[in-house]
K.L.:
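Quick one: structure below, then a few questions.
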Amino acid sequence: MADSQIENMNVQPKVKLTKRDLIKHWLLGYSSETCYNFERLQALGTANAMIPIIKKLYKTKAERAKAIQKYMVFFNTEPSYIGTVIHGIAASMEEQAANGVEITDEDINSVRTGLMGPMAGIGDTVSQGIVYPILAGISCSLALAGNIFGPIFFEVGYKVIMLSTGYSMYMLGYKKGKTAVLSFLKAGTLNRITEIFSVVGLMVIGSLAATRIGIVTPIEFSVGEVGINLQKVLDSLLPSMLPLAATLGVWKLISNRMSPTAIIAILFVVGIVASLLGILAPLAQ
Amino acid sequence: MADSQIENMNVQPKVKLTKRDLIKHWLLGYSSETCYNFERLQALGTANAMIPIIKKLYKTKAERAKAIQKYMVFFNTEPSYIGTVIHGIAASMEEQAANGVEITDEDINSVRTGLMGPMAGIGDTVSQGIVYPILAGISCSLALAGNIFGPIFFEVGYKVIMLSTGYSMYMLGYKKGKTAVLSFLKAGTLNRITEIFSVVGLMVIGSLAATRIGIVTPIEFSVGEVGINLQKVLDSLLPSMLPLAATLGVWKLISNRMSPTAIIAILFVVGIVASLLGILAPLAQ
Amino acid sequence: MADSQIENMNVQPKVKLTKRDLIKHWLLGYSSETCYNFERLQALGTANAMIPIIKKLYKTKAERAKAIQKYMVFFNTEPSYIGTVIHGIAASMEEQAANGVEITDEDINSVRTGLMGPMAGIGDTVSQGIVYPILAGISCSLALAGNIFGPIFFEVGYKVIMLSTGYSMYMLGYKKGKTAVLSFLKAGTLNRITEIFSVVGLMVIGSLAATRIGIVTPIEFSVGEVGINLQKVLDSLLPSMLPLAATLGVWKLISNRMSPTAIIAILFVVGIVASLLGILAPLAQ
Amino acid sequence: MLSAILVAIIATMSTWWVSHVITRTWLYPLWAGFLVALAMGQPVEGMKAAAYIQLTYLGWITAGGTMPGNLMVAGVFGTALTLVSGADPSLAPTFAVPFSLLGILSFQAYMTINSIWIHKADKYALEGDLTKLRFMNYVPSGILSFILNGIPAFILVYYGGDVTTRALAAIPTSIITAFSVVGALMPALGIAMLLSYLSKKKIVGFFFAGYFLTVYLHLDTMAITIFAAIIGVLIYFFTTDKKTGVAE
Amino acid sequence: MLSAILVAIIATMSTWWVSHVITRTWLYPLWAGFLVALAMGQPVEGMKAAAYIQLTYLGWITAGGTMPGNLMVAGVFGTALTLVSGADPSLAPTFAVPFSLLGILSFQAYMTINSIWIHKADKYALEGDLTKLRFMNYVPSGILSFILNGIPAFILVYYGGDVTTRALAAIPTSIITAFSVVGALMPALGIAMLLSYLSKKKIVGFFFAGYFLTVYLHLDTMAITIFAAIIGVLIYFFTTDKKTGVAE
Amino acid sequence: MLSAILVAIIATMSTWWVSHVITRTWLYPLWAGFLVALAMGQPVEGMKAAAYIQLTYLGWITAGGTMPGNLMVAGVFGTALTLVSGADPSLAPTFAVPFSLLGILSFQAYMTINSIWIHKADKYALEGDLTKLRFMNYVPSGILSFILNGIPAFILVYYGGDVTTRALAAIPTSIITAFSVVGALMPALGIAMLLSYLSKKKIVGFFFAGYFLTVYLHLDTMAITIFAAIIGVLIYFFTTDKKTGVAE
Ligand SMILES: OC[C@H]1O[C@H](O)[C@@H](O)[C@@H](O)[C@@H]1O
Ligand SMILES: OC[C@H]1O[C@H](O)[C@@H](O)[C@@H](O)[C@@H]1O
Ligand SMILES: OC[C@H]1O[C@H](O)[C@@H](O)[C@@H](O)[C@@H]1O
């Protein structure tokens, strides 16, 4: 990518996205999960959200077809709070590509795929691990006291946080994408950023795994007249061993390219059988 | 700085500081806060402490004027336990400069300014966060039992620790300064050392911030008949949020180059108003 | 070490160790501590275990003498669970040396000495800090209920874990040694691996030091009518200060090349005298 | 009748997430149940039922498209049944839990069948027909959700809860428990999916760090998030360094 | 009279830190109050009063020249007033706290006015007149402290504590509380000043690490200091490495 | 007589570790004491005595060839004496503890005298006489252990425990306590020996990290091991990087 091209972009933009386009794109992103499915998760929804951007930047049907297709691939992130940053970056990359900067479809999709994982981990933790339980906890105590502000506070509070965070992240993505996209594509830089966010994402989903997978074993047996509670033995060895084992087991299945549907079927069978046999039980809360 | 100069220094010192000079300097450093003021804090006191060193090394009024002036700039560190190391280094740098090693005034002041921050953080934590409360705690229980050894134990214990630490740190500084000053000035080395100490300093003042800024909000309100204690809500979100907010707020003001006096005025107004309005309260100990 | 030599090894092995040889070596390793002594700890036992390997690889008395002698030097590691990895590596290095790869006696012993420390730290922690107390705890409660399965469960459980771990580690060492020995000897690589394991070893023995050295001071005195419990004072300053001091003190003695026997004598004298004078006491469990 | 239709719509939309600007909170019993309560003209009773249901699911999470129980169905159907059957709000969770577990199956069906529309959408993308693509995103999934969630909800409210209550009561506890185990296992899938996006050998240790810091130090999610962010920032700056030397 | 003069000197020196070899402990009520107790001839009673005051300030810290209450004034005046008024030592903190808070103002004045002398000293530095510079360091600030702290202390002891006690009692509690809030906020300034010396983007994360380790793990200052030192040493060695390879 | 011989053999082998495939568990009272119980024909009583002894030593560790008490002697002699004297099993630790402490001396003797055989073995190594080297490894140490441990055990069982019991009772408590202090200090040697193998300046900080994480956060050994492993892996990958760039 020659310097001349950079100037090109700075000096003579042919098509420019307006604030209106960006807001449309951002808002449509909230329909990413409308036609939600196990095959490609948010692919169609994300493509749908790109429509205003693509219509603005490309005029012929062929160009539009080419542009929209790259969004039809598997995509999944936390879509409401944090993941919007990816859409912002995508919009700015499309804009620059349309203005002659040499950005390939692969460039765009590698940024999107690189960031979707960390943003999912972080976004889920923030939205569902922090904001939701705190707001819902407060609101429930209001509601149980018969106070109608309970649900209203929840609805308003949640949406205000969601939209303001989602908007800021989208715009951050667009801005950073605009100014940094060249360095972004420089070998290593994207990887580096992805890596850092992945570190954060990994730690927080580690924490989620430890708190949100609520299985224990109810096995108790007695050797002679001594009763042994297996869960206590396991805890004395390595606390919360079973949730970790479950996570790593499922991860193994995913690594072997088993489909989510198949894994869910397995979890059903394992869960039901293990429960009926008295091997697993839900953790009493 | 050519090798010949180093030899120069090693081979032919023209003026040498004696142990006596060093001890004088170290002791006078305990008057760093005599004319204590918000404009330059320990500047004048530090300059005053340099007098014996400067008198020894420089003979003409002009030289002395030049030498003392560089100590009249803003300076602040923990002066009794740990910060003395900086004076030791300064003494050795002056000595070498006076003997022809090419050390500029800027060199000396950049070492001093680089180290004053970390030494303040670490020194305050050690002297006021650890030594003081432990000694005072023990001594108070003696005193309350009517035992006159309470205050005496405090006075003697505190001074013994202070002077022995302060002396060792001063001499350490002088020695390291003497042997290492050349590598000290090598690009990066000083920065590196400062950085490591800053890491320690930052962590410990983080801890001080968390324990020593005792504000909470007493706001309680009821929505319908449900009482809500705002502090509890904040704590469930992010414990000790207010002290952190206060610290970061004041830091912002400092970064905007507001004077301490002005900030104190603000803290007074904010504190009094917030207290009278029932927004802030002191943390019950 | 030229490429031709590597090919040499891969293409034309003159003598090959069989699985049987390896198993013999591994099992004989469990006699490392038979003639246990303070001079060289497991040296003789380790040499004894090498006999089948050496007999297979070297045919003349002179060669065998040369080979066995290098194992007669000071050696000590955790011999049953984790340390077996070192013997596996040694076996594979001997095999390659016998087949013409240029591996010197020094190479072999530097690998062995480099790894013996980390493997001791990690192995002791796993076998004695984790496996033993958990198994023994469970088994004792069985035994105290009069259930004869108590000791049997302990015996069988302990041996199964010990032998399967020990075997896996031995074979891992042999395999890795075989494929990686060349890169192993590359400058830095061995050091790097040793260093990582040492990090783990150091952390775990830090933990052992904190939990397994059970000394406190029983000193109580009163100043006036206020009773002061010195241990409490020390704990308020720095918890578990005495075990740390003891460890660092002994470490100092070792660094000064004092013999274990002499140190044990010192510990006896210090312990007895300090106990009789009421300065130290065992920690009540 | 009207309230039955309204509840059917609520049930439909709580799974067919037409736009999270609206529907994001419809996932949660507190709000979706409250809407049901309004639709059925018993705002306070229904709200309390919804809140009781909500409280049993404060640890619920959906990640990677999976969930430990269908919270949407639990909230809507559980509240509706409580009101229809005139039971005390505090009993709402007993009604809601079986729905939540059975709802895993209907969610599963929804997520599987929706894959059909995306293949149609592929065709329109190829043709550059953006309008039809948009249609594929919104309409078929809505109809599907109506069939899977709306119609049952209508029936429940319209034909009364007697049958349903009896049906639920007929489910043996051992089955309920078994489904709870399934629900308790389910987050493992979502989390493992995130793991598979994120984990490179180099950094996967941080997953275990997060796990065991939580287990051993009993830190909550906020705390881990804060420490993770601090660690992330420090790694960022300390590894940048490599090329540029130590000092900033 | 004599004791009033002695107390005035103690009050002067406890803020005018002529040399920390002597005065460093005069900041603390336990020692300064004990000196007052000696000066007033009631060593044991005064010592107890001083100890009671001290105990309420074990978490007190001065950083960057700021403080959450004027501990020097609290210790000296609080002890003196307790003795003068003949109150029980355990009531000493009630007397001391308002002084501590009002003392923020007098300390503020002291720290502001002292800036004048330093400008004079600049002139002498320029001239190389080291003796006059030394004079500037010691004398004017001493006189200032005598005016701000010594004279009031003299008056308090000499003219009896009645007026003072009544004056203190007249301060409404809401004002005391308000000043306590100011005092509680004050360390934020000192700490923020240290922060501003120390914080480079690269390492400021460690401030937050220290903060949240304290908050979440309830570690005390000693513990954080130890861990900080360990981390510092490890960073030192692990980043040195870069140039020299991995092994030592 | 037979049982005395059997106990003598157990006592011999529990220190003479002919092969850890067999003898590794003979270090521990639970198993060695159980063997004694079998040999003396009182399996249940003896097993309980052994278990009581075992419980007081769950934190026992041997590192670098040192130990905080001779656990082998404690288990074998303690169990035997309990059975011989017909005391209640719960009193077993009272018998065992003095043996454990005195046993430090006999172990010390064993470890010192064994050095002789290794010098002989050196000679055979030089000659390449592997058979004699093997002999040196196994036989002399066995005889030595028999003398130090086997014979006393035989005497104890054969001639009854009366004398022993009285002898033990004659040891003043202050001596027992003093030996306990020695025992409590002993692991410092083993740990310091490991430290001296492991510690390079660069990484010795991790020793202190492990120490203070345990002290301040009350983490158990398993927890520290897990965190240590995570840290080790992360360091491995993050420092490898240096040569190859950041991304994997
Ligand atoms: O995990 C990322 C993402 O996955 C799916 O899209 C849904 O479960 C979302 O709620 C979640 O945020
Ligand atoms: O510490 C390593 C090692 O040292 C000695 O050989 C013995 O104490 C073993 O039990 C221990 O495993
Ligand atoms: O914070 C560093 C330093 O700042 C000022 O000089 C005073 O508050 C000292 O007590 C403190 O040590």
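Letters A, B, ... mirror the listed sequences (proteins, then strands); counts begin at 1. Bear in mind the structure is a predicted one, so any value in this text is a computation, not a measurement. Quick note: numbers below take in every heavy atom, side chains included, and nothing from hydrogens, waters or symmetry partners.
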K.L.:
Among C:V199, C:L41, C:T194, which residue forms the greatest number of heavy-atom pairs with chain F at distances under 4.5 Å?
P.N.:
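Top option by heavy-atom pairs under 4.5 Å: C:V199.
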K.L.:
For F:S180 and F:I176, indicate whether the former's side chain and the latter's backbone hold a donor-acceptor pair under 3.5 Å.
P.N.:
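Yes, F:S180 side chain to F:I176 backbone: donor-acceptor pair under 3.5 Å.
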K.L.:
Where on C:F268 is there a heavy atom nearer than 4.5 Å to chain F: the side chain, the backbone, both, or neither?
P.N.:
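Backbone plus side chain of C:F268, per the 4.5 Å heavy-atom cut-off to chain F.
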K.L.:
Looking only at the side chains, is there a donor atom on one of F:Y110 and F:N149 sitting less than 3.5 Å from an acceptor on the other?
P.N.:
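There is no such pair (donor and acceptor under 3.5 Å, judged by atom type) between the side chains of F:Y110 and F:N149.
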K.L.:
Tell me if a side-chain donor or acceptor on C:T46 pairs with a main-chain N or O of C:S32 at a distance below 3.5 Å.
P.N.:
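Not a single qualifying donor-acceptor pair exists.
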K.L.:
Just so I understand: if I count every heavy-atom pair under 4.5 Å between each of C:A246, C:P151, C:G271 and chain F, which residue has the most?
P.N.:
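Top option by heavy-atom pairs under 4.5 Å: C:P151.
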K.L.:
Does the distance from a Lys or Arg side-chain N to an Asp or Glu carboxylate O, for F:K132 and F:E127, drop under 4.0 Å?
P.N.:
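Here F:K132 does not pair with F:E127 in a salt bridge, since their nearest N and O are not under 4.0 Å apart.
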K.L.:
Please flag which part of C:K61 lies under 4.5 Å from any non-hydrogen atom of chain F: side chain, backbone, both or neither.
P.N.:
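Both parts, backbone and side chain.
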K.L.:
Heavy-atom distances under 4.5 Å only: say whether C:Y81 touches chain F with side chain, backbone, both or neither.
P.N.:
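Neither part, no heavy atoms under 4.5 Å.
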K.L.:
Out of F:S115, F:A121, F:A49, return the one with the most heavy atom pairs under 4.5 angstrom to chain C.
P.N.:
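Of the candidates given, the most pairs with chain C belong to F:S115.
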K.L.:
Side chain, backbone, both or neither: which part of F:F212 has a heavy atom under 4.5 Å from chain C?
P.N.:
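Side chain only.
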K.L.:
About how many Å separate OH of C:Y30 and OG of F:S19, when rounded to the nearest 0.5 Å?
P.N.:
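OH of C:Y30 is found 8.5 Å from OG of F:S19.
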K.L.:
Which value, rounded to the nearest 0.5 Å, describes the distance between F:W17 atom CH2 and C:E33 atom CD?
P.N.:
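So the CH2 of F:W17 and the CD of C:E33 are separated by 5.5 Å.
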K.L.:
Relative to chain C, which segment of F:Y138 carries a heavy atom at a distance below 4.5 Å: side chain, backbone, both, or neither?
P.N.:
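Backbone plus side chain of F:Y138, per the 4.5 Å heavy-atom cut-off to chain C.
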K.L.:
Which atoms of C:L280 are under 4.5 Å from chain F, going by heavy atoms: the side chain, the backbone, both sets, or neither?
P.N.:
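Contact with chain F: backbone and side chain both.
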K.L.:
Given heavy-atom pairs under 4.5 angstrom as the criterion, report whether the side chain, backbone, both or neither of C:S80 touches chain F.
P.N.:
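The answer is the side chain of C:S80.
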K.L.:
Sort out for me which of C:L44, C:V204, C:I122 touches chain F most, counting heavy-atom pairs under 4.5 Å.
P.N.:
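Result: the option with the highest number of such pairs is C:L44.
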K.L.:
Tell me which of these, F:G64, F:A228, F:G128, has more heavy-atom pairs under 4.5 Å with chain C than the rest.
P.N.:
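Greatest number of close heavy-atom pairs with chain C: F:A228.
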K.L.:
For the candidates F:T15, F:V215, F:V44, which exhibits the highest count of non-hydrogen atom pairs separated by less than 4.5 Å from chain C?
P.N.:
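That would be F:V215.
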K.L.:
Would you check, one step at a time, whether the test side-chain contact (heavy atoms from CB on, under 4.5 Å) holds for F:L189 with C:I254?
P.N.:
CA-CA 9 Å; F:L189 174 55; C:I254 294 175; 4.1 Å; yes
K.L.:
Can you tell me if C:R112 uses its side chain to pair, donor with acceptor, with the backbone of C:I86 under 3.5 Å?
P.N.:
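Checking the backbone N and O of C:I86 against the side chain of C:R112, no donor-acceptor pair under 3.5 Å is found.
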K.L.:
Select, from F:M47, F:E45, F:K48, the one with the greatest count of heavy-atom pairs under 4.5 Å involving chain C.
P.N.:
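Maximum pair count with chain C is reached by F:M47.
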K.L.:
At a heavy-atom distance under 4.5 Å, which candidate from C:L244, C:L248, C:V273, C:T77 has the highest pair count against chain F?
P.N.:
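Greatest number of close heavy-atom pairs with chain F: C:L244.
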K.L.:
Please classify the contact between F:L194 and chain C as side chain, backbone, both or neither, with a heavy-atom cut-off of under 4.5 Å.
P.N.:
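Contact with chain C involves both backbone and side-chain atoms of F:L194.
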K.L.:
Relative to chain C, which segment of F:V204 carries a heavy atom at a distance below 4.5 Å: side chain, backbone, both, or neither?
P.N.:
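Both parts, backbone and side chain.
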K.L.:
Heavy-atom distances under 4.5 Å only: say whether F:L55 touches chain C with side chain, backbone, both or neither.
P.N.:
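Both parts, backbone and side chain.
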K.L.:
For the side chain of F:T66 and the backbone of F:A63, is there at least one donor-acceptor N/O pair under 3.5 Å apart?
P.N.:
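Between the backbone of F:A63 and the side chain of F:T66 there is a qualifying donor-acceptor contact (under 3.5 Å).
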K.L.:
Verify the neighbour count for atom NZ of F:K120: are there more than 12 heavy atoms of other residues, nucleotides or ligands below 6.0 Å?
P.N.:
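No, NZ of F:K120 has 12 or fewer neighbouring heavy atoms, counting only those of other groups under 6.0 Å.
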K.L.:
Quick one: which of C:L163, C:I152, C:T60, C:I148 has the most heavy-atom pairs under 4.5 Å with chain F, could you say?
P.N.:
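Highest number of heavy-atom pairs under 4.5 Å: C:I148.
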K.L.:
Identify the heavy atoms of F:P68 and F:G183 that sit nearest to each other, and give their distance.
P.N.:
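Closest approach of F:P68 to F:G183, heavy atoms only: CB-O, 2.9 Å.
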K.L.:
Do F:S100 and F:Y57 have side-chain N/O donor and acceptor atoms under 3.5 Å apart?
P.N.:
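Looking only at side-chain atoms, F:Y57 and F:S100 do form a donor-acceptor pair, the distance falling under 3.5 Å.
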K.L.:
Given the options C:K252, C:R212, C:K66, which has more heavy-atom pairs under 4.5 Å with chain F than any of the others?
P.N.:
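Max contact count across the listed options: C:R212.
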K.L.:
What part of F:A229 gets within 4.5 angstrom of chain C, counting heavy atoms only: side chain, backbone, both, or neither?
P.N.:
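Looking at F:A229, just its backbone touches chain C.
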K.L.:
Going from OG1 on C:T34 to CH2 on F:W117, what distance comes out if it is rounded to the nearest 0.5 angstrom?
P.N.:
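Answer for the OG1-CH2 pair, C:T34 versus F:W117, is 14.5 Å.
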K.L.:
Given that the side chain runs from C-beta out, which part of F:T62 has a heavy atom under 4.5 Å from chain C: side chain, backbone, both or neither?
P.N.:
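Contact with chain C: backbone and side chain both.
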K.L.:
Which bit of C:L267 is near chain F, if near means a heavy-atom gap under 4.5 Å: side chain, backbone, both or neither?
P.N.:
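Contact with chain F is through both the backbone and side chain of C:L267.
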K.L.:
Is any side-chain heavy atom of C:I68 less than 4.5 Å from a side-chain heavy atom of C:I51?
P.N.:
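Yes, side chains in contact.
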K.L.:
Is it the side chain or the backbone of C:P243 that comes within 4.5 Å of chain F heavy atoms, both, or neither?
P.N.:
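Interface part for C:P243: both.
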